[in-house]
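Before I ask anything, here is the structure I am working with.
Only a predicted model underlies this, so the values are computations on that prediction, with no experimental measurement involved. A note on names: the letters A, B, ... follow the listed sequences, proteins ahead of strands, and every chain is numbered from 1.
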Protein chains: 4
Amino acid sequence: MAGHFSQTIILGNVGKDPEIRTTQGGQKVASFTLATSETWKDKQSGEQREKTEWHRVVCWNEGVTSVIERFVRKGSKVQVVGQNQTRKWTDQSGQDRYTTEVVIKRFGGDLVLCGERGGDGGSSPQQSQPRQRNSQQRSGGWDAPSGDNLDDEIPF
Amino acid sequence: MAGHFSQTIILGNVGKDPEIRTTQGGQKVASFTLATSETWKDKQSGEQREKTEWHRVVCWNEGVTSVIERFVRKGSKVQVVGQNQTRKWTDQSGQDRYTTEVVIKRFGGDLVLCGERGGDGGSSPQQSQPRQRNSQQRSGGWDAPSGDNLDDEIPF
Amino acid sequence: MAGHFSQTIILGNVGKDPEIRTTQGGQKVASFTLATSETWKDKQSGEQREKTEWHRVVCWNEGVTSVIERFVRKGSKVQVVGQNQTRKWTDQSGQDRYTTEVVIKRFGGDLVLCGERGGDGGSSPQQSQPRQRNSQQRSGGWDAPSGDNLDDEIPF
Amino acid sequence: MAGHFSQTIILGNVGKDPEIRTTQGGQKVASFTLATSETWKDKQSGEQREKTEWHRVVCWNEGVTSVIERFVRKGSKVQVVGQNQTRKWTDQSGQDRYTTEVVIKRFGGDLVLCGERGGDGGSSPQQSQPRQRNSQQRSGGWDAPSGDNLDDEIPF
DNA sequence: TTTT
DNA sequence: TTTT
């Protein structure tokens with residue numbers, strides 16, 4: 001209702017199971033990463049090329065966080081509607097760093113579930129039943145992440 | 001045409017005159033920053049609060065770059081349609097850094113001119129005539145930037 | 001939060017002063033038309049061509065309606081964010097008719113004021129003061145493409 | 001690149017197999033309908049309610065039409081990115097009628113395949129192989145809300 | 001750095 | 001880290 005507008009829409013695949021944390025004030029916050037891939041034919045070499053872009057998503061919307069917690073996991077295809085927000089933090093050496101995230105807020109924020117990757121021998125429509133968190137489950141037949149130091153490899 | 005989608009729309013005000021540079025391959029590239037502000041009433045204190053978000057925009061679309069060069073300057077209100085892209089670079093201490101930008105590309109990218117801030121005593125409809133680059137003009141009656149070290153203050 | 005998504009964004013010029021009406025339940029509803037024009041060069045003839053598309057906008061969001069009532073009028077440049085909705089009605093001969101509108105609803109709906117068309121000799125920053133309704137004012141020098149019989153030419 | 005912007009994004013389910021026709025000039029054009037459903041709890045009665053909106057989609061983009069022809073069919077979940085366009089036609093009684101469609105054009109238009117509705121016992125990943133047109137297949141177990149007489153109920 |  |  002003002003003179004500005006900011007909206008980011010990402011429809012992609014979730015890279016890892018979302019993290020759900022609770023603020024000191026008791027609010028649940030969800031975060032995960034989304035991958036979008038583009039393929040094109042290189043004009044010069046004629047080769048098929050692909051580039052994957054990773055997007056960090058953070059959700060402060062209570063209702064949407066609840067949906068994420070229940071239905072979103074590694075490999076899910078989802079669309080998020082939010083706003084770009086750049087947040088300042090300090091790294092271990094004391095230097096300022098900045099990270100840009102797509103933030104799903106109270107109004108205008110949204111999440112659309114587009115379904116899992118099918119054909120994986122999963123026995124049940126996982127999207128329609130609560131997911132067991134903290135379990136030993138290997139999500140949807142996929143390989144587990146190759147390690148826990150993933151954060152070191154992700155640029156945010 | 002694939003299984004993914006990525007789009008960022010920002011309608012805001014341009015922070016400084018765009019930079020136009022030419023790649024070694026001869027391609028013109030434009031970049032500038034866009035500010036979007038939000039105001040809301042704090043529930044607890046009842047005070048009016050405001051937050052400004054800065055977005056870095058880069059344009060690799062030839063036609064759009066040409067429009068930016070001619071018509072966009074500090075203070076312009078424009079809408080850009082592009083895609084988030086995180087680019088890696090190395091800072092002076094040799095550390096990896098990441099910057100997220102809204103990139104206007106060949107297809108699906110767009111720029112909409114929404115007009116200048118009016119009432120500044122400007123004598124002519126600046127949006128409809130070419131802008132004099134490299135001139136001494138002070139854009140639209142605004143204060144000039146407070147210095148040239150602005151880059152140090154912008155988180156990208 | 002479901003499996004579907006619908007969003008229409010129109011940034012254009014308002015064709016006529018908005019109509020504000022009140023439902024029997026006391027809710028204010030605003031409606032107006034927005035024009036978007038495209039120009040392109042005809043490949044065959046090489047001539048410059050232009051096409052104007054008219055969009056009907058209806059607003060059921062109380063806050064946004066209030067902004068429309070105060071600040072939007074013929075010639076205003078605004079952006080609306082809403083959803084396509086096709087409504088059935090009966091014409092004078094008793095036949096079913098359908099009209100598609102962009103509906104601004106409670107959540108996710110939005111209106112962005114992009115300013116009036118400038119250069120009209122207007123003496124005051126009209127966007128920042130209440131508008132005089134029902135006055136003889138001619139709006140900002142902007143003319144809807146086709147005169148005053150717009151109703152005859154617009155399919156709604 | 002001008003002063004206007006128009007974009008409609010619909011992520012929904014395809015109501016019937018798309019129609020592919022060829023213009024006299026030899027251009028292929030695809031058209032289909034997309035359903036988006038919303039559910040909400042009625043404030044007064046507390047009942048769960050649902051509303052389905054139908055959107056007519058037309059595609060003049062050659063590459064996208066080719067993808068539609070091969071991969072989209074009744075029940076597919078797809079996202080389209082296009083522009084609202086209202087077209088005039090004459091009904092049997094000679095009266096003017098208007099139909100609004102989401103048009104996918106050359107630039108900025110897009111189609112995203114989000115997968116079929118799963119759990120239908122289908123034996124193969126249908127999205128990754130050409131579709132058999134004109135076959136007796138019943139699509140993916142997904143039923144458009146209202147049977148096979150869809151044409152009678154859809155206002156286009 | 002913008003704008004309201 | 002995802003997906004195709």
Side-chain angles (χ1 to χ4, degrees), chain A residues 1-5 10-19 32-39 48 50 52-57 72-78 114-120 139-140 142-156, chain B residues 1-5 10-19 32-39 48 50 52-57 72-78 114-120 139-140 142-156, chain C residues 71 112-115 125 127-128, chain D residues 71 112-115 125 127-128:
Chain A
M1 251 98 69
H4 293 162
F5 181 69
I10 309 289
L11 196 172
N13 286 284
V14 176
K16 298 201 305 181
D17 284 355
E19 289 179 30
F32 57 92
T33 50
L34 266 182
T36 53
S37 296
E38 257 183 314
T39 57
Q48 190 76 5
E50 172 168 3
T52 295
E53 186 74 33
W54 286 96
H55 311 266
R56 179 156 185 80
V57 179
V72 175
R73 65 208 171 83
K74 181 185 177 185
S76 297
K77 181 176 275 190
V78 304
C114 302
E116 314 287 320
R117 174 178 179 267
D120 60 349
S139 49
W142 299 113
D143 291 328
S146 54
D148 286 313
N149 297 324
L150 225 43
D151 288 335
D152 298 340
E153 309 170 41
I154 302 185
F156 15 72
Chain B
M1 250 99 69
H4 293 162
F5 181 69
I10 309 289
L11 196 173
N13 286 285
V14 176
K16 297 201 306 181
D17 284 355
E19 291 180 29
F32 56 92
T33 50
L34 267 182
T36 54
S37 297
E38 256 184 317
T39 56
Q48 189 76 5
E50 173 169 2
T52 295
E53 187 75 32
W54 286 96
H55 312 265
R56 179 157 185 80
V57 179
V72 175
R73 61 203 174 89
K74 181 184 178 187
S76 297
K77 180 176 277 189
V78 304
C114 303
E116 314 286 319
R117 175 182 178 264
D120 60 350
S139 48
W142 298 111
D143 291 329
S146 55
D148 286 314
N149 295 326
L150 226 43
D151 287 335
D152 297 338
E153 310 170 39
I154 302 184
F156 15 71
Chain C
F71 300 121
V112 185
L113 305 174
C114 302
Q127 195 175 288
S128 60
Chain D
F71 300 121
V112 186
L113 304 174
C114 302
Q127 195 175 289
S128 59

Of the candidates E:dT2, F:dT4, F:dT1, the side chain of A:K16 sits closest to F:dT1
Hits for side-chain hydrogen bond (donor to acceptor under 3.5 Å, both in side chains) against A:E50, two or more places apart or cross-chain, chain-then-number order -> A:S37
Short side-chain N/O contact to F:dT2 OP1/OP2 from A:K74, under 4.0 Å: yes
How many Å lie between CZ on B:R73 and P on E:dT3, as a whole number? 10 Å
Could you tell me whether the side chain of A:T33 has a donor or acceptor atom within less than 3.5 Å of a complementary atom in the base of F:dT1? yes
What's the CD-C1' distance between A:E50 and F:dT2, to the nearest Å? 10 Å
Rounded to whole Å, how long is the line connecting atom CG of D:L113 with atom P of F:dT2? 21 Å
Round to a whole Å and report the spacing from CZ of A:R56 to P of F:dT1. 15 Å
Heavy atoms of A:L11 and D:C114 approach each other most closely as CD1-SG, 3.9 Å
Please evaluate the base of F:dT2 for a donor-acceptor partner in the side chain of A:T52 within a cut-off of under 3.5 Å? yes
To the nearest Å, how far apart are B:F32 CZ and E:dT1 P? 18 Å
Taking C-beta and beyond as the side chain, do A:N13 and A:L34 meet within less than 4.5 Å on heavy atoms? no
What is the distance, rounded to the nearest whole Å, between atom CD1 of A:I10 and atom C1' of F:dT2? 14 Å
Under 3.5 Å donor-acceptor, B:D17 side chain and B:K74 backbone: yes
Ring-on-base stacking between B:W54 and E:dT1, under 5.5 Å between centres and under 30° between planes: is it there? yes
Using whole Å, report how far CD of B:E53 lies from C1' of E:dT3. 15 Å
Considering only side-chain heavy atoms of B:N13, which listed nucleotide, E:dT1, F:dT2, E:dT3, is closest? E:dT3
Nearest whole angstrom, please: distance from the C1' of E:dT1 to the NE2 of B:H55. 13 Å
Looking only at heavy atoms, the pair that brings B:W54 and B:G15 closest together is CZ3-CA, 3.6 Å
